[in-house]
Structures are given as C-alpha cells and as structure tokens.
Amino acid sequence: MGENGPTIAHTVFVLAAVIASGIALSRIKIKGISFGVTWILFTGIAAGHFGVSVDPHTLHFIKEFGLILFVFFIGLQVGPGFFSSLKSGGLKLISLAALVILLGVTTTYVIHLVSGEPLPTMIGVMSGAVTNTPGLGAAQQAFSDSMGHDDPTISLGYAVAYPLGVIGIILSMIILRSMLRVDFKKEDEGLRAMSNETHLPHRYSVVFTNKMLEGKTIAHAHTLINRQFVISRLMHKDGEIVMADGNSTLTIGDRLRIICTDEDHEAILAFFGEPVEMSADDWGATAMQSTPLVSRRILITREEINGKKFSDLRLRTRYGINITRVHRAGVDLIPYQGMELQVGDKVMVVGPEAAVAQAEKVLGNSLKKLDHPNLLPIFIGIALGVLLGSLPLMNIPQPVKLGLAGGPLIIAILLGRYGPHFKMVTYTTMSANLMLREIGLAMFLAAVGIGAGDGFIDAIADGGYKWIGYGVIITMLPLLIVGIIARLKFKVNYYTMMGLMAGSMTDPPALGFANTSSGNDMPAVGYATVYPVVMFLRVLSAQLLMLLAL
C-alpha cells in the first residue's frame with residue numbers, strides 16, 4: 001500500500017460517514033420543520049470535537065471545491081431568470097428583499113460595535129441567522145485570502161445561529177400574521193391581484209379602432225409603442241380567425257388577441273382600441289373557421305436551435321404557427337423577434353394541428369436529448385469563475401476579490417443567460433443540477449464542520465452562547481420591519497409576503513411552511529421572484545462586510 005493510501009482512504013471514509021449521518025438526521029422533523037442538509041455541518045462539528053481529523057490541506061481543498069460546485073450550479077439555475085426578474089414587475093419584491101439584506105448587514109455591524117464581538121465572527125453569525133451557506137463560504141474565503149489562514153469562529157458562529165435562524169423566519173411570519181390581523185379569506189380574494197404582482201403574461205381581446213394604424217402592419221405598430229406584446233390571432237369582421245405575424249395588416253373592426261404583461265396592458269389596449277370580453281373558446285375552433293387552432297407547449301431540445309433568434313427561424317412564414325410565450329427557468333417571457341432561444345426553453349405554440357406537429361419536429365421536444373450532460377460549458381465556466389474570483393478588483397487597503405464563491409457564481413449567471421449567444425448549451429436537467437449542487441454543499445459543510453469541531457464547546461462556553469441571541473435579532477428584526485412596510489405601504493398580499501420573507505433568506509424550510517400554511521403556490525412565486533438576485537446579494541454583502549473587517 002502506498003504512503004498516501006491510508007490517508008486517502010481515511011479522508012474518504014470520514015467524509016462519507018459525516019455526510020451520510022448528517023443526511024440521515026436531516027429527515028428528522030419537529031412540527032414539520034427540518035434543518036435539512038445543515039445537519040451535515042453539525043455532524044462534522046461532532047466528529048471534529050471527538051478528535052476525528054483530516055489532513056488540513058485535503059480538508060481545505062474539499063471545502064473550496066465543494067463551495068465552487070454549489071455556487072456554480074446555483075448560478076446556472078438562476079441565470080436565465082436573473083435579468084428577467086430585474087426588468088419585470090417583480091422589481092418591487094426584489095427591492096423589498098434587498099432591504100431585508102441591507103437591514104441585516106446594518107444590524108450585524110451595529111451589534112459588532114455595541115458588543116465588541118469580532119466582525120468576522122459576527123459575519124458567521126449573520127450567515128447562520130439568514131440561513132445562507134454561500135454567504136458563509138464567501139466570508140471564509142475572503143478572510144483566508146487576506147489573512148492567509150482560516151478563522152474557525154466564522155463557521156462556529158454560523159453553526160450556533162443557524163437552528164434559530166430557520167425557526168426565527170417562520171416565527172416572524174406568524175408574528176406578522178397576528179400583528180397585521182391577516183384574514184386568510186380576504187387574502188384568498190386577493191389571489192388575482194397577487195398574480196398581477198408577479199407580472200406574468202396575460203391575454204386580452206381588443207376591437208381594433210385606431211384609424212392612424214388602419215392598413216398598417218403589426219410590425220409597424222411595434223415600432224410606434226415601446227412595449228413588449230404579441231398579437232397571436234386576428235378575427236376578421238366575417239368571423240374568420242387567422243394567425244397573426246409582423247406582416248399582418250390591421251383593419252378597423254378586427255378583433256385582436258393580445259398577450260402582454262399586466263403592467264403594460266392599459267397602454268397597449270388603449271393604443272389599439274377597445275377591450276372586449278372573449279373567452280378562450282371564442283378564439284378556438286369556430287363554425288366559420290375551416291382549420292381549428294390548437295396550442296401546445298413544446299420543449300426546445302435541438303442544439304442547432306440554441307442561440308438562434310425568432311427572426312432567424314421564421315416559424316410563422318414556414319409553418320403558419322405563432323409562438324406566444326417562452327417559459328424559461330420558471331419565468332414566462334413574451335417573445336420578440338430578437339429573442340434568442342435556449343435549449344430547455346418551453347414555448348407555447350399556436351396554430352393548426354399539422355403545422356404545430358411540424359414545428360415540434362424542428363424544435364425537438366425530445367426529453368431524452370436533455371438527459372445527456374453538456375460538460376464542456378460547465379468546466380469552461382468553472383475555470384473562468386475561478387479566474388475571475390482571483391483577480392483583484394480594488395485595493396482598499398487589502399485586494400478586493402470576488403473569491404471562489406463570487407467568481408463562479410457571476411460567471412454561471414452570465415453563462416446561464418448569455419451562453420446560447422455563443423452557441424454554448426448550458427442547460428442541465430433539474431435533477432442533475434440538484435445532484436451536483438447538493439454534493440458540493442455536502443462536501444463544503446462536512447469540511448467546515450470537521451475543521452471547526454475541535455473548538456466548538458470551548459467557544460460556546462467562552463461567550464459563544466451570546467451568538468444565539470445576536471442571531472435571533474439579525475433574523476427577525478429586518479423581516480418584521482420589511483414585512484410591515486410591504487404590507488402597509490405596498491399592500492403586498494400576505495401569501496406573497498411569506499414567499500418574499502423565505503426568499504430573502506433563501507430558506508427552503510420556511511418556504512415549505514409558507515406553502516403548507518397558504519394551501520396555494522403563491523409563496524413559491526414570491527420566493528422564485530426574489531431568489532436569483534437575493535442569492536447574488538447575500539454572497540456579495542458577506543464578502544464586502546468581511547473586507548470591512550480586515
């Protein structure tokens with residue numbers, strides 16, 4: 001057996017045992033609440049406390065590589081929806097979530113000044129209080145890059161604050177419900193308004209009356225109003241329904257089927273004419289229509305389509321069909337001629353049955369093709385992320401770097417959004433993404449726990465018990481303040497508010513509680529709206545606060 005054989009075997013055994021025991025404990029639920037894979041951190045601390053050790057260099061590599069995998073695949077998942085959420089009506093929710101982060105950072109800094117607790121330790125407490133593991137990784141990495149060694153109190157603070165962080169988020173939801181006298185029956189009545197808040201595309205019917213546009217094409221109308229919309233169908237005065245495209249001519253008295261966001265609908269409807277009530281059946285097969293129209297979601301799986309614009313495909317001209325919506329990374333987008341399609345997009349296709357079937361062949365719609373992993377963009381992205389994270393951006397007085405958490409995260413977000421522009425297939429199935437992300441997280445938490453376990457009990461006895469109280473303040477105070485503002489000033493529906501609160505803390509257990517309490521998926525919509533930007537800001541804020549401490 002070689003000199004390194006036992007060491008490698010010992011390391012793998014310890015790592016596997018810590019992760020396996022942590023995952024087994026993660027199945028424990030107390031009143032429906034579980035700490036999830038964070039149990040791996042606790043089992044690692046226990047192992048380290050009882051004398052289990054791993055070569056420090058190997059442990060450091062496992063921790064950093066696990067962190068890279070974790071944040072990179074988070075970035076790939078949220079990338080496609082990151083910029084869309086910034087541009088959409090979800091900006092209000094994102095701003096409120098950003099306020100939660102700002103108040104959390106401010107509270108952390110104030111506690112540091114008042115208590116005299118070292119700021120690196122308080123950043124660890126903050127990361128645990130807001131249940132954000134990438135923030136912990138970013139803070140640790142920023143500290144070790146600048147000081148040349150690790151500070152175990154960062155991960156100890158995280159471990160101490162995390163359990164009550166999860167409970168504090170849920171408790172804040174319950175307190176706000178009582179404080180604001182929320183009536184679920186009234187909230188149910190506001191569900192329609194809530195869907196408007198998320199600004200998903202809506203369908204409207206209009207009688208065309210704008211004489212200035214008489215005889216003009218839909219493409220010409222697009223140039224006159226700076227809004228995103230799709231006219232999918234036209235109903236002529238004789239009742240004939242036809243597919244619409246940019247070359248379709250507008251005639252007074254025509255009825256238009258318009259798809260746009262709720263925030264734009266008033267301007268667009270006023271621009272074209274007068275709203276009219278028409279059901280989906282009215283726009284479907286009619287007695288006066290020889291070819292019934294069907295609508296179908298088609299999954300884009302052909303690599304040749306990746307990165308191509310709608311205008312390049314000319315689907316309407318070739319097949320007589322229209323694409324009215326694009327579903328990407330949980331977000332419904334309104335298509336336009338310059339939009340680039342990506343592998344993994346789901347498009348809503350409307351047209352005659354035979355034409356839709358032809359379009360399906362062109363776009364792919366084969367789930368098997370998506371099962372094949374595209375490893376090249378992943379490793380290119382990781383390499384670019386590590387390179388970006390290693391570059392000093394500023395020197396004030398220490399070099400400011402994005403690090404192994406920030407660099408790969410930013411590159412992954414950019415790849416997820418712009419990769420297809422460079423003909424790179426960055427799509428991974430949700431199962432593959434979750435698998436690699438969870439493996440990375442498990443490696444990171446196990447390594448952090450083993451490294452911090454030796455001094456855990458001593459740290460608690462030496463005043464670390466105060467971190468629990470500090471963590472509760474950092475968790476609940478920003479949530480309660482922003483919750484009151486969101487409700488009283490912005491009239492945010494309570495279901496959306498619960499999703500906003502869970503999303504601003506990137507906390508799945510809290511989201512699970514919100515979904516169970518509400519009995520609908522609106523908390524998940526609020527969570528998904530703020531999650532991409534919040535994840536980025538959590539990593540960035542932890543790094544910036546750490547640089548302030550050094």
> After noting the C-alpha distance and the side-chain angles of M122 and I474, does the key distance pass the side-chain contact (heavy atoms from CB on, under 4.5 Å) rule?
Replying inline: CA-CA 10 Å; M122 285 304 306; I474 294 169; 3.9 Å; yes
> Are L96 and V492 close enough, and set up right, to give a side-chain contact (heavy atoms from CB on, under 4.5 Å), and what steps lead you there?
Replying inline: CA-CA 10 Å; L96 289 169; V492 175; 4.2 Å; yes
> How far apart are the C-alpha atoms of L103 and L477, what are their side-chain angles, what is the distance that settles it, and do they pass the side-chain contact (heavy atoms from CB on, under 4.5 Å) test?
Replying inline: CA-CA 8 Å; L103 289 174; L477 185 62; over 6 Å; no
> Taking it one step at a time, do I154 and F143 satisfy side-chain contact (heavy atoms from CB on, under 4.5 Å)?
Replying inline: CA-CA 9 Å; I154 299 174; F143 184 91; 4.1 Å; yes
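Of all the heavy atoms in G307 and E340, the pair that sits closest is O-CG, 3.7 Å. Nearest heavy-atom pair across M501 and S172 is CE-CB, 3.6 Å. Shown here for V14 and V52, the closest heavy-atom pair between the two residues is CG1-CG1, 3.5 Å. Considering every non-hydrogen atom in both A161 and A129, the closest pair reads CB-N, 3.8 Å. Across every non-hydrogen atom of G407 and L388, the tightest pair is O-CD2, 4.1 Å. Nearest approach of I19 to A446, heavy atoms of both residues: CG1-CB, 3.8 Å.
With hydrogens and angles ignored, the 3.5 Å screen pairs no side-chain donor or acceptor of Y494 with any backbone N or O of R487. The backbone N or O of S366 lies less than 3.5 Å from a partner atom in the side chain of T301, making a donor-acceptor pair. S144 places a side-chain N or O within donor-acceptor distance of the main-chain N or O of Q141, the cut-off being under 3.5 Å. Judged purely by atom type and a 3.5 angstrom limit, N433 uses its side chain to pair as donor or acceptor with the backbone of F73. Side chain of R538 to main chain of S504: a donor-acceptor pair is present (N/O by atom type, distance under 3.5 Å, no hydrogens or angles). Side chain of T43 to main chain of I40: a donor-acceptor pair is present (N/O by atom type, distance under 3.5 Å, no hydrogens or angles). For H327 (side chain) and L299 (main-chain N/O), no donor-acceptor pair under 3.5 Å exists by modelled atom type. Of the possible donor and acceptor atoms, one in the side chain of N306 sits under 3.5 Å from a partner among the backbone N and O of V343. R437 places no side-chain N or O within donor-acceptor distance of the main-chain N or O of L69, the cut-off being under 3.5 Å. Judged purely by atom type and a 3.5 angstrom limit, T506 has no side-chain atom pairing as donor or acceptor with the backbone of N132.
Screening T107, I481, L171 against M476 for a side-chain contact (heavy atoms from CB on, under 4.5 Å) leaves a single residue, L171.
Within the structure, the side-chain hydrogen bond (donor to acceptor under 3.5 Å, both in side chains) test picks out the following pairs touching residues 464-476 (sequence neighbours left out): E117-W467.
To the nearest 0.5 Å, atoms CD1 (I484) and CE (M497) are separated by 9.0 Å. Note: K63 NZ to T58 OG1 = 13.0 Å, rounded to the nearest 0.5 Å. The CZ atom of F42 sits 15.5 Å away from atom NE2 of H49, with the distance rounded to the nearest 0.5 Å. Between atom CH2 of residue W39 and atom CD1 of residue I23 there is a gap of 14.0 Å, rounded to the nearest 0.5 Å. The distance from atom CD1 of I411 to atom CG of L387, rounded to the nearest 0.5 Å, is 8.5 Å. From L545, atom CG reaches atom OG1 of T108 across 6.5 Å, with rounding to the nearest 0.5 Å.
I62 is listed as a side-chain neighbour of T11, based on a closest heavy-atom distance under 4.5 Å. Two residues are said to be in side-chain contact when any heavy atoms from C-beta on lie closer than 4.5 Å; Q140 and Y158 fail this criterion. With contacts defined as side-chain heavy-atom distances shorter than 4.5 Å, the pair V386/I68 qualifies. Contact check for L436 versus F72: no side-chain heavy atoms found under the 4.5 Å cut-off. In this structure the side chain of H10 never reaches within 4.5 angstrom of the side chain of D55, judged on heavy atoms.
Partners of F13 according to the ring-ring contact (aromatic ring centres under 6.0 Å, His included) rule, which considers only residues two or more places apart in sequence or in another chain, do not exist here.
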